[in-house]
Amino acid sequence: MEERVAERLRGALGPYGFEVHAFKVGWYNAVLPPAFHLPYPDDTLAFVVLSTPSMFDKALKPFVNKEQLQMIRDPVDQCVSSHLSDVKEKFPDQKVDIIFDYEILPSRKPRFLAQTAAHVSGAAYYYQRTDVKLDPWGEKKIYGVCVHPKYGGWFAIRGLLLFPDIQVPFLKQSPPVDCVRTEEKRIELLEQFNFHWKDSRYRDIIEVKETYSEEQKVYFATPPAERFKLLGLTQEAQ
């Protein structure tokens, strides 16, 4: 069942630069405190959705061109929302719940922890300070970061697709690829992500097969309010 659903999702989202990776809700809930649990049975089928470097040209720019005369608040969020919402049409006989990466609960906590979902699905390895044996940071707060085996840090986690009526008790978990193998490289990764994230060096911690285009790098480095003109949008579109 999982393979049939995954194949249909890849057919719907793959041409637009998205990846999908399956997991069971129980795998996710097992590694998090109850406050972050997804409210579904453990065997519920879910998919984490990633955007790859090609999403900018394959999905975002065509979406903006199509929607130019309508209200656009955040082009990327609305583009992702449009494509994931369209997925429901591919499953007319199934309930499909969508959680987007930008959604928050009334408590101000995120509705799901994106990097944990990516890790348990096998999509990308979530490196944290616990992956470093000789921790050099003392009392400093150190945030973890996911690394994709093909794209390094040149990708984003966009949301979850959950199928409440599909239970997959026999789904086998595939661990993410541990592509930052040495202690030295892991320290370098976490240092760059926490203290020099603006220069994006952490994204190239491994040799990557594809990165963001120069146009895309400029877009994401530009303050959100100024991105509209880069896409040819007027201020009225906001």
Side-chain angles (χ1 to χ4, degrees), residues 17-21 23 28 31-32 36 48-57 59-60 74-77 80 100-104 108-160 174-227 230:
F18 295 99
E19 278 187 2
V20 294
H21 297 266
F23 68 98
Y28 173 91
V31 297
L32 291 171
F36 290 105
V48 65
V49 181
L50 312 181
S51 62
T52 72
S54 67
M55 186 275 286
F56 191 81
D57 286 319
L60 180 63
D74 183 291
V76 173
D77 285 350
V80 172
F100 296 103
D101 66 301
Y102 50 81
E103 292 186 81
I104 57 173
R108 307 301 295 171
K109 288 186 173 72
R111 283 195 64 196
F112 79 102
L113 298 185
Q115 300 200 105
T116 300
H119 187 95
V120 300
S121 73
Y125 199 107
Y126 183 25
Y127 291 96
Q128 303 176 75
R129 70 188 301 171
T130 51
D131 293 300
V132 173
K133 293 189 179 116
L134 299 174
D135 185 325
W137 298 293
E139 298 300 313
K140 289 180 183 174
K141 177 74 174 174
I142 298 295
Y143 295 95
V145 61
C146 275
V147 177
H148 189 287
K150 182 176 178 182
Y151 304 116
W154 300 103
F155 75 103
I157 304 158
R158 298 298 182 184
L160 300 183
S174 297
V177 178
D178 181 4
C179 47
V180 186
R181 302 298 298 272
T182 68
E183 178 95 346
E184 181 184 21
K185 275 289 184 186
R186 291 179 181 184
I187 290 173
E188 183 184 342
L189 169 68
L190 294 174
E191 287 271 348
Q192 289 179 358
F193 178 70
N194 280 272
F195 307 121
H196 309 285
W197 60 270
K198 283 187 177 179
D199 64 22
S200 288
R201 281 182 296 153
Y202 78 90
R203 299 179 190 271
D204 289 313
I205 195 68
I206 63 169
E207 187 174 335
V208 299
K209 294 186 169 62
E210 189 179 348
T211 69
Y212 289 177
S213 64
E214 288 307 312
E215 179 185 16
Q216 191 172 177
K217 288 176 185 176
V218 169
Y219 178 83
F220 286 114
T222 300
E226 297 171 27
R227 292 175 181 174
L230 296 178

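Position 1 is the first residue of the sequence, and the numbers go up from there. For clarity, every value in this text was computed on a predicted model and none was experimentally measured.
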Completion exercise
So side-chain hydrogen bond (donor to acceptor under 3.5 Å, both in side chains) across residues 137-150, not counting sequence neighbours, yields Glu19-His148, Trp137-Glu191
Practice task
Determine, for Glu183 against Arg186, whether the closest basic-nitrogen to carboxylate-oxygen distance falls under 4.0 angstrom.
Solution key: no
Practice task
Check whether any side-chain heavy atom of Asp74 lies under 4.5 Å from a side-chain heavy atom of Pro224, and answer yes or no.
Solution key: no
Practice task
Anything under 30° is parallel, anything over 60° is perpendicular, the rest tilted; go ahead and classify Tyr202 against Phe193.
Solution key: perpendicular
Exercise for the section: Would you give the length of the straight line joining atom CD of Gln216 to atom CG of Leu230, rounded to the nearest 0.5 angstrom? Expected result: 12.0 Å
Exercise for the section: Give the minimum heavy-atom separation between Leu50 and Ala123, together with the two atoms involved. Expected result: CD1-CB, 3.9 Å
Practice task
With sequence neighbours excluded, tell me which residues meet salt bridge (charged side-chain N to carboxylate O under 4.0 Å, His left out) with Glu215.
Solution key: Lys61
Practice task
Decide yes or no for Tyr219 and Val76: does some side-chain heavy atom of the first lie under 4.5 Å from some side-chain heavy atom of the second?
Solution key: yes
Practice task
Keeping the roles fixed (side chain from Tyr28, backbone from Leu113), state whether a donor-acceptor pair exists under 3.5 Å.
Solution key: yes
Handout entry: Closest heavy-atom pair and its distance - Phe112, Gly159
Key = CZ-CA, 3.8 Å
Completion exercise
Sorted by chain and number, sequence neighbours left out, salt bridge (charged side-chain N to carboxylate O under 4.0 Å, His left out) with Arg108 holds for none
Problem - Side-chain donor/acceptor of Tyr127 to backbone N/O of Leu189, under 3.5 Å - result: no
Problem - Any donor-acceptor pair under 3.5 Å from Glu226 side chain to Pro223 backbone - result: no
Handout entry: Salt bridge flag under 4.0 Å for residues Arg181 and Asp178
Key = yes
Exercise for the section: For residues Phe100 and Asp77, determine if any side-chain heavy atom of one lies less than 4.5 Å from a side-chain heavy atom of the other. Expected result: no
Exercise for the section: Check whether any side-chain heavy atom of Ile205 sits under 4.5 Å from a side-chain heavy atom of Glu188, and report yes or no. Expected result: yes
Exercise for the section: State, with a plain yes or no, whether a side-chain heavy atom of Ile142 is found less than 4.5 Å away from one of Phe195. Expected result: yes
Exercise for the section: Tell me, with the steps shown, if Tyr125 and Asp131 meet side chain to side chain contact (heavy atoms under 4.5 Å, CB included). Expected result: CA-CA 11 Å; Tyr125 199 107; Asp131 293 300; 3.6 Å; yes
Exercise for the section: Name all residues meeting the side-chain hydrogen bond (donor to acceptor under 3.5 Å, both in side chains) criterion together with Ser121; count only those two or more places apart in sequence or in a different chain, and write none if there are none. Expected result: none
Handout entry: Minimum heavy-atom distance Pro149-Cys179, with the two atoms named
Key = CA-SG, 4.1 Å
Completion exercise
Value for CZ (Arg111) from CZ (Phe36), rounded to nearest 0.5 Å, stands at 13.5 Å
Exercise for the section: Please name the pair of heavy atoms, one in Ala124 and one in Phe155, separated by the smallest distance, quoted to 0.1 Å. Expected result: CB-CZ, 3.9 Å
Problem - Heavy-atom pair of closest approach, residues Val132 and Pro136 - result: CG1-CD, 4.4 Å
Exercise for the section: Using the six-membered ring of Trp154, assess whether NZ or CZ of Lys209 lies under 6.0 Å from its centre and within 45 degrees of the ring axis. Expected result: no
Handout entry: Residue pair Phe23 / Leu160, side-chain heavy-atom distance below 4.5 Å
Key = yes
Problem - Donor-acceptor pair, side chain of Gln115 and main chain of Tyr126, under 3.5 angstrom - result: no
Problem - Pairing residues for Lys109 by the salt bridge (charged side-chain N to carboxylate O under 4.0 Å, His left out) criterion, not counting sequence neighbours - result: none
Exercise for the section: Please answer whether the main-chain N or O of Phe220 pairs with a side-chain N or O of Arg227 as donor and acceptor at a distance below 3.5 Å. Expected result: yes
Practice task
Return the set of residues passing salt bridge (charged side-chain N to carboxylate O under 4.0 Å, His left out) with Glu210 (not counting sequence neighbours), or none when no residue passes.
Solution key: none
Completion exercise
In short, Ile157 meets Cys146 closest at the heavy-atom pair CD1-SG, 4.4 Å
